[in-house]
Amino acid sequence: MFSLDLFLNALAAGVLLGGFYAAVSLGIAVSFGLLDIANLAHPVFVMFGAYLVYTMNSRFGMDPILAGVLFTPLFFVLGALLYQLYYASFERKGAESLRGLVFFFGILFIVEVGLLLQFGVDYRLVEARYIGESLHLGPVGLPFRLLIPCVAGVSLTALLYLFLSRTFYGRAIQGVAQDAFALRLMGANPFKVKRLAFALASATASVAGALLIMIGPVEPAMNREYIGRAFAVTVLGGMGSIGGTLVAALMLGVAESLTATFYGPAWGVAVSFGVLLLALAVRPSGLFGR
Amino acid sequence: MSQRAFLAVAALVVVAGFLVSRVLTNQYYYFAAYVILQYVVLATAWNILGGYTGYVNFGTPAFFALGAYTSVVLIKMMNAPLGLQLVGGAAVAGLLGLGIGYLTLRLRGVFFSIATLALAVVLQTLFVNWEYTGGARGLSLIRPATAPLFGHYVQFLFEVMLILALFAVGVAAWIEHSWIGRGLAAIRDNEEAAECMGVPTLRLKLVATTVSGALMGLAGAPFPYFVTFVEPGSVFDLNYAVNSLAMPMIGGSTTWVGPIIGAVLLGTAQQVATVTISSALNLLIVGVILVAFVILAPEGIVGLIQRLARRREGDVRLAHGKAT
Amino acid sequence: MTSGAFLDVQQVTKRFGGFQALSAVSLSIRQGERFGLIGPNGSGKTTLINCISGTLRADGGRIVFAGQDVTTLPAHRRTRLGIARSFQIPKPFVSMTVLDNLLIPLEYSGHERTDGAVEHAMSILTLVGLAPKARVRSGALTQIEMRKLELARAMAAGPKLLVSDEAMAGLSASEVDDILAILFELNQRGITIIMIEHIMRAVMRFSERIAVLDAGEKIAEGQPDAILADPRVERAYLGE
């Protein structure tokens, strides 16, 4: 049954979801889009972040967003260490393609099973006073559990955008994607720049995890749905363009939300895969590609 | 190994399998052996694309499950015999391989890998929503109680999987030593150079994805009769994705021997371990071993043995040099 | 169409996003000719030979080889027609021995893997001086050996036209002479050769004719001494 109210609500929910997808995809947009490292483990880090937030929330009643922000230094360090290991084992030897992928897949697997051992397969969720409430604009309801993640996701995107375009290190990160040699002339060490970029990308996982568990209950295997989504967004957004990532995330959110509303919620994930395949088949450089 | 020698050994193994099934009656052994042999097929299939060609497939569960569900459909529709299930499962999964390859293999290998990862998730959604095959709840199947010559049907299935494993290994070994395998190795080493040296890279990659996918489907086709209850959660198990790539990577991914070594070692270890530790912990160990091998011994056990042999050869030569 | 042209590049253009890598470049090369292609870094030389060998597809224009339009053929088909190339950065099949590296193009140009094929490959290796290394893994070669392997492997494809992409960069003077001698020898055997090179001494000595690319356009073409005397060429290399 098509009705305008239903459509508008689905559209609004899609936009809100899209803002959150941007937060999850940022890490991939930087690591894969700019550094050319297919970090398949990023979504499982988001998962890990969600469970840390869950622990802080259920034990101490801490606000989920606050917990997410508090854990960013931990994820920053984890990201730096992971890149160091990746660099020493694969990138330096020029063997990144096959074995690097398997490596990240192995990490994904270890973290996922680790979460499974610690928290089990039951769905976990967080509590905060504002989560159940909604903002009403005419016929359209904007639930806070979606609105806050969207605002936070868009803010995170904006912050990263400013960092990449306005600061020396940000420009160095964008430079390393284009020309490592020119970067060396600028007096920056490509390895350190890449490590910083990878660490930053990983740090976003903590915040994204807080947003994820705010939207709905989580279980460890969920990260796999987000691999397809995040890579679809990154490819569609033009491989490393932060603005493009946001636009692509919003588009994917709307497409999924409309599909879920009119064809059933189970088909939402299928949309992201369809979009990914389409993007790869038709326009590998993305809709907003260089 | 020559073709004739391989066929002779294969025939011997099949006969031995049959004879064992006349003597050994404890059902547990057949279940365990079936699972290990199934891994031999999956690991061998994965390796044709991953090890020979250098394209990582994370979507083993998708191909395996498609093989299993094709059997389910064939059983429900026409009560098809096992032989037809095998052919059907292999054909449908092979077509999936061809399709996904056609869409993504023009691009860099990373994109293929990501597409296969997403493929498993989406196919699972599809089957969760398809009521005909039981949807999310799953579907019970009644398998024949006995098979002629074998008595118990599980013993028969064990022998079938034994033959499938030999078949898969035979296909892999043939490819490895044919012009196709040499072309695939050239692609793995440097795709651009391969193309410029006259290797039709796209066509060979499509052959590899199709054959690899078909063999994975073949491994899944007898699964419904093996477990008699099929549900999306069990056939799309991430388990298959991890093991099918961990086994060749650990055993050694450039020869057909590697996946067998990996599958037998890792498969047996897991069968033994599930008795004592939880299956999750079990998987965690597989993950850690995989990462350790990828970093420390990228050529796998076969590579380690070759390196040892070469060093010994070198020592011998050195000793000779000193003597003269 | 110019009659008698063995390789006819007509108005070929190529762009990457907003970057115009080649704008309407035309070349006409005779059979058996030694042709030099020079230009500053980023002038489009490698893009042009990628379009000729087929690893890139031209956006516009036509490429005709031995009377056949090859503009849209994939690279492996062009190799079978007789266009072979070496790579600026050597791209050996590292897991294979030097000999097996040569057997790949031989096998894929229709030679069965027989003793005859091995003999043929060995004769090419002897020509370039790699015969003693035939059973060595190609990943273990030195720089100069890898350059020679690049040429030998391209030879194994049985080319009528060989495109040599900076085969001498970073080599010592005597090594440059080694490679030059090999290329002269191949030309003697009737193979048309396009040489892309930064080492002026080598290009000038080797080429019968030279074309100069700058910023994706052909700015000069002619005999070596005429090219050297051309003020446009000097400007392209030295700036205003």
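Just the heavy atoms: all of them, side chains too, but no hydrogens, waters or symmetry mates, feed the values below. Proteins come first, then strands; the chains are lettered A, B, ... in the order of their sequence lines, and each starts at number 1.
Of all non-hydrogen atoms in B:Ala118 and A:Gly228, the two that sit nearest each other are CB-CA, 4.1 Å. Across every non-hydrogen atom of B:Ser113 and A:Leu101, the tightest pair is OG-CD1, 3.3 Å.
Here the CG atom belonging to B:Leu117 is positioned 8.5 Å from the CZ atom belonging to A:Phe231, to the nearest 0.5 angstrom. One finds the CD atom of B:Gln124 at 9.0 Å from the CD atom of A:Glu225 (value rounded to the nearest 0.5 Å). Note that the CZ atom of B:Phe58 and the CD1 atom of A:Ile227 stand 8.5 Å from one another [nearest 0.5 Å]. The distance from the OH atom of A:Tyr263 to the CG atom of B:Asn129 is 14.5 Å, given to the nearest 0.5 Å.
Per-residue heavy-atom pair counts under 4.5 Å with chain A were compared for B:Leu296, B:Val128, B:Leu119, B:Ile289, and the maximum is reached by B:Leu119. Across B:Leu123, B:Val286, B:Leu126, the residue that shares the most heavy-atom pairs under 4.5 angstrom with chain A is B:Leu126. Contact count versus chain B (heavy atoms, under 4.5 Å) is highest, among A:Ile107, A:Val113, A:Leu108, for A:Val113.
In summary, the aromatic rings of B:Phe111 and A:Phe32 are positioned with their centroids under 6.0 Å apart.
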Trace of the side-chain contact (heavy atoms from CB on, under 4.5 Å) decision for A:Leu85 with B:Ile295:
CA-CA 9 Å; A:Leu85 182 59; B:Ile295 293 176; 4.0 Å; yes

side-chain contact (heavy atoms from CB on, under 4.5 Å) between A:Glu112 and B:Leu238: does it pass, once the steps are laid out?
CA-CA 11 Å; A:Glu112 182 181 322; B:Leu238 187 64; 3.8 Å; yes

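Of the two parts of B:Leu245, only the side chain, counted from C-beta on, holds a non-hydrogen atom closer than 4.5 Å to a non-hydrogen atom of chain A. With a 4.5 Å cut-off on non-hydrogen atoms, A:Leu116 touches chain B through its side chain but not through its backbone. Only the side chain of B:Val121 has a heavy atom closer than 4.5 Å to any heavy atom of chain A. Heavy atoms closer than 4.5 Å to chain A are found in both the backbone and the side chain of B:Leu281. Looking at B:Ala241, the atoms closer than 4.5 Å to chain A (heavy atoms on both sides) sit in the backbone and in the side chain alike. For B:Leu283, the parts lying near chain A are the backbone and the side chain together; criterion is any non-hydrogen pair under 4.5 Å.
Around atom CZ of A:Phe191, more than 12 heavy atoms belonging to other residues, nucleotides or ligands sit under 6.0 Å away. Annotation for A:Tyr123: atom OH does not count as buried by contact number, only 12 or fewer foreign heavy atoms lying within 6.0 Å.
Partner of A:Leu40 under the side chain to side chain contact (heavy atoms under 4.5 Å, CB included) criterion, chosen from B:Val110, B:Val56, B:Ile114: B:Ile114. With A:Phe109 as the fixed residue, the side chain to side chain contact (heavy atoms under 4.5 Å, CB included) test singles out one of B:Val242, B:Asn239, B:Leu290: B:Val242.
Residues A:Phe90 and B:Val294 have side chains in contact (heavy-atom distance under 4.5 Å, counting atoms from C-beta outward).
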